[in-house]
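Notes follow the structure.
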Amino acid sequence: MSDLATQREIDRTKMQVSDEIAIEIVNMNKWYGTFHVLRDINLTVNRGERIVIAGPSGSGKSTLIRCINRLEEHQQGKIVVDGTELTSDLKNIDKIRSEVGMCFQHFNLFPHLTILENCTLAPIWVRKTPKKEAVETAMHFLEKVKIPDQANKYPGQLSGGQQQRVAIARSLCMKPRIMLFDEPTSALDPEMIKEVLDTMIELAEEGMTMLCVTHEMGFARQVANRVIFMDQGQIVEQNEPEEFFNNPQSERTKLFLSQILGH
Amino acid sequence: MSNTHADTVLFVRDTMLPQKNPPSTSVGAVGWARENLFAGWGNTILTLLAFAVVYYLLAGILPWLISPTFGAESLTECREILAAKGVGSHGGACWGVISERWKQLLFGFYPAEAYWRPILTFVLLFVAISPVLFADYVTPKLLWFTALFPFLAVWLLWGGSLWTPVTVLAGFVVGAVFLSMGSKIGGAIVGVIAAILGAVLWWAVAAAPLASGLSSVVEIGLLPVESRDFGGFLLAITLGVTAIFGSLPLGIILALGRRSDLLLVKSLCVGFIEFIRGVPLITLLFVASTLLNIFLPPGTNFDIILRVMIMMTLFAAAYMAEVIRGGLAALPTGQYEAADALGLDYWKAQRLIIMPQALKISIPGIVSTFIGVFKDTTLVSIISLFDPLGLANAIRADGAWTGIYWELFIFIGVVFFIFCFSMSRYSMYLERKLQTGHH
Ligand SMILES: Nc1ncnc2c1ncn2[C@@H]1O[C@H](COP(=O)(O)OP(=O)(O)O)[C@@H](O)[C@H]1O
Ligand SMILES: [Mg+2]
C-alpha cells in the first residue's frame with residue numbers, strides 16, 4: 001500500500017508544529033449503551049500536527065474523531081477544541097463545527113446540489129459570506145483540488161475520487177483550522193486513491209492541522225509527524241512514523257503492522 | 001497510458017465508413033408496429049383480440065355518447081328526440097341536463113352575477129402557485145403575491161368588506177413587528193411568544209372594530225356570499241386546494257416532530273397522526289358539522305366550510321406526515337452528518353439539505369395524497385354540503401331530470417379526471433426535473 005502515496009519530494013517548509021494547542025482530550029470515555037467504546041483517551045494535538053490514526057476495524061477510531069466535532073457525544077472527560085470546550089452548549093458546538101472540517105469515507109456530498117452549491121452552501125448560510133465571495137472561494141478551492149471544470153455538475157456525475165476531492169474542497173471553503181479525515185480513501189478504487197492522497201498531502205504542506213484515520217501507511221510515513229495506534233477503544237501506542245513502523249512497542253501493534261503491511 | 005498506446009498500435013483508422021440506413025422494417029410506423037404489436041404469433045393474436053375488444057366497447061359507447069340532445073329541457077324531451085331519431089328512447093345520452101345545469105355543477109348556488117369572482121380567483125390561484133410550481137421560469141418576486149393570495153381569495157369568494165382581510169393581514173404584520181422587537185430584547189423564544197400574543201391580541205381586540213371603522217370611512221366591498229351557496233366544483237376546489245396547501249407544511253412539521261428527540265413533541269405528533277389515520281374521514285366530517293357545535297360556546301358562528309376545511313387539512317396532514325417520514329427515513333445518515341459537520345443548525349439543515357431530498361423522494365406519495373384529498377372532498381355531500389355529487393342528487397330531485405344518472409356522473413368524472421391527471425403529470429415533470437444523478 002505504501003507505494004500509493006506521491007513519489008514527489010514533499011515541501012516541508014511550512015509543515016511546522018507550533019506550541020499552540022489545537023485539540024486537547026483529557027480522560028475521555030464514551031459508551032454506546034453499555035458498550036465501552038472509548039476508554040481513557042488522552043490526546044493533545046498541537047497546531048500544525050499531522051496525525052494518522054490506525055487500528056483494527058471496530059477499535060473506535062471513527063468514534064474518536066467524530067467526538068471531536070460532536071457528531072458523537074462523549075460521556076466522561078474533557079474535549080477542548082481551539083480553546084472551546086465541547087459541552088452540550090449548542091453555541092460551542094456550532095462554533096467548533098465551523099472551525100473543524102471533516103471528510104467522510106462515503107464523501108456525503110449533497111446530491112441535490114451542484115458541486116459549486118455544495119461548496120458555497122455552508123459559507124453562505126453559516127458564515128454569512130456574500131454569495132459572490134463564496135463562489136470565488138469555492139472556485140479557488142475547486143481549482144486547488146483540480147476539478148474547477150466540474151463546478152456545475154452534480155455529485156452523481158463524478159467519479160469517487162473526484163467526489164472525495166470535492167468533499168475536501170467543501171470543507172476547506174469554511175476555512176477550517178483543523179481537518180478530520182475518516183478513512184477518506186477506503187471507499188475508492190485503487191487508481192483514485194492517489195489523487196485524493198495528493199490533495200491531502202498538499203493540505204499538509206500548507207501547515208493544516210490534520211487528524212486522519214487511514215490505513216495508507218505510505219501517506220503516514222511521508223506526511224504524519226505522529227502515528228496513533230488504537231485497539232479496543234484505547235490508544236495503545238503513539239510514535240513518530242519511523243519509530244512506529246520500524247520499532248513497534250506492543251505486541252498488538254506488531255501484529256497489526258504485520259497484517260497491514262503484508263509481511 | 002496514452003503515449004504507450006501510440007507506440008504500440010501501428011494502425012489507427014482516421015476515416016470512417018459511411019453509415020448504412022437500418023432496414024426499413026425496424027424504423028418508422030411499420031417498424032414500431034412490427035416490434036410492438038406483431039412480434040410473433042402469440043403477440044399478433046393478442047393484438048387482434050385487443051383491437052376487437054376496443055372496437056366492441058367503442059361501438060357500444062360512442063353512439064350513446066354522440067347524441068343530439070343538448071337542447072333538451074327535460075328527460076322526457078330527450079327521450080322524444082331519441083325516439084324520433086329511431087334509436088329508442090334509452091338509446092342515447094341526455095346532454096340537456098349538462099347544458100342546462102353545467103353552471104350549477106361548477107358554481108353551486110353562487111350568485112350568477114358574481115361568477116367572475118370564483119373565475120378570477122381560480123386564475124389568480126395559478127398565478128400564485130406558479131413561482132412554486134415552475135420555479136425555473138417564474139421570478140421569485142411573485143412569492144409576495146403567493147403570500148397575499150389566501151387573503152385575496154377569501155375576500156373574492158366570500159365578499160364583504162375589503163377591510164376585514166386587510167385587518168386580519170395586519171395581524172401578521174403586528175406579529176412580525178413583535179417578533180423582531182421581542183427577539184432583540186429577550187432572544188428567539190421571547191420573540192416568538194411576543195409575536196403570537198401580539199397577533200392574537202390584535203385579532204381578538206383590534207381587528208374587528210378597526211375594520212368596521214375603516215368601512216364607515218371608505219366603503220370598499222363586494223356582495224357577501226354565504227358559505228351555504230358554495231357548491232359544485234367551486235366547493236370541491238376551495239376545499240381541495242386549502243387541504244392540499246395546508247397539509248403539506250403541517251405534514252412536514254408532524255413528520256419532523258415524529259422523528260424528534262423531544263419526548264413530548266414526539267408523543268404529541270405520533271398521537272395526532274395515529275388518531276387521525278385511525279378514524280374515517282366521514283366521522284371527522286360529522287364531528288365538524290354537528291358535534292363541534294356542542295363544544296363551542298352557544299351563539300358562535302363558526303363557518304361550516306371553514307370547519308370542514310380544517311378537518312380535511314388535518315386529515316390530509318396526517319397522511320402527508322407519514323409519506324414525508326418515509327422520505328426522511330430513506331435519506332442516508334451521512335447527509336445529516338455532513339450537514340452537522342459543516343455547522344448547519346437543525347432548521348437550516350432541514351431546509352437546505354434534508355427536506356429538499358426527502359420531499360423529492362416522496363413526490364409520488366405526496367401527489368397521491370393530494371389526489372386522494374381532492375377526490376375525498378366529494379364526501380362532504382354526507383353532511384349536506386353541495387359538492388358536485390351532492391348537486392347531482394339535487395338536480396335529480398328536480399322533476400324535469402328525475403332518473404338521470406350517467407350524464408351527470410360522466411361530466412363530474414371528466415372534470416375530476418382533468419384535475420387529478422394534471423397533478424399526476426405535473427409530479428412526473430417534477431421528478432424528471434429534479435433528477436440529478438447519472439448512475
Ligand atoms: N451508533 C453506534 N451504536 C452502537 N455501537 C456502535 C455505534 N457506532 C459504532 N459502534 C461500535 O463501536 C465500535 C467502534 O466503532 P468505530 O469507531 O466505527 O470503529 P472503527 O472506526 O475503528 O472501525 C464498534 O464495535 C462498533 O460496532
Ligand atoms: Mg471507522
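We name chains A, B, ... by the order of the sequence lines, and we start the count at 1 in each one.
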| request: Flag the one option from A:L71, A:N69, A:V100 with the top tally of heavy-atom pairs under 4.5 Å to chain B. | output: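 Option with the greatest count: A:L71.
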| said: Counting heavy-atom pairs closer than 4.5 Å to chain B, which one of A:R170, A:M102, A:K153 comes out on top? | reply: A:R170
| message | If I measure from the heavy atoms of chain B, does A:L109 come under 4.5 Å with its side chain, its backbone, both, or neither? | response | backbone
| note | Cut-off 4.5 Å, heavy atoms of chain B, and the answer for A:F104 is side chain
Quick one: pull up [atom1] in [X] and [atom2] in [Y] and give me the separation to the nearest 0.5 Å.
X: A:Y154; Y: B:Q435; atom1: OH; atom2: CD; value: 11.0 Å
X: A:I124; Y: B:L352; atom1: CD1; atom2: CG; value: 10.0 Å
X: A:L113; Y: B:I353; atom1: CG; atom2: CD1; value: 5.5 Å

| field | Close side-chain approach of A:P111 to B:Q335, heavy-atom, < 4.5 Å | value | yes
Flag yes if more than 12 heavy atoms outside [X] fall under 6.0 Å of its [atom1] atom; otherwise flag no.
X: B:R277; atom1: CZ; answer: yes
X: B:F145; atom1: CZ; answer: yes
X: B:K433; atom1: NZ; answer: yes

Which heavy atom of [X] sits nearest a heavy atom of [Y], and at what distance?
X: A:F110; Y: B:A338; value: CE2-CB, 3.8 Å
X: B:E337; Y: A:N108; value: OE1-ND2, 4.3 Å
X: B:L342; Y: A:V126; value: O-CG2, 3.9 Å
X: B:P356; Y: A:H112; value: CB-CD2, 3.6 Å

| So A:L121 and B:L344, side chain to side chain contact (heavy atoms under 4.5 Å, CB included) or not? Walk me through it. | CA-CA 9 Å; A:L121 182 102; B:L344 293 164; 3.6 Å; yes
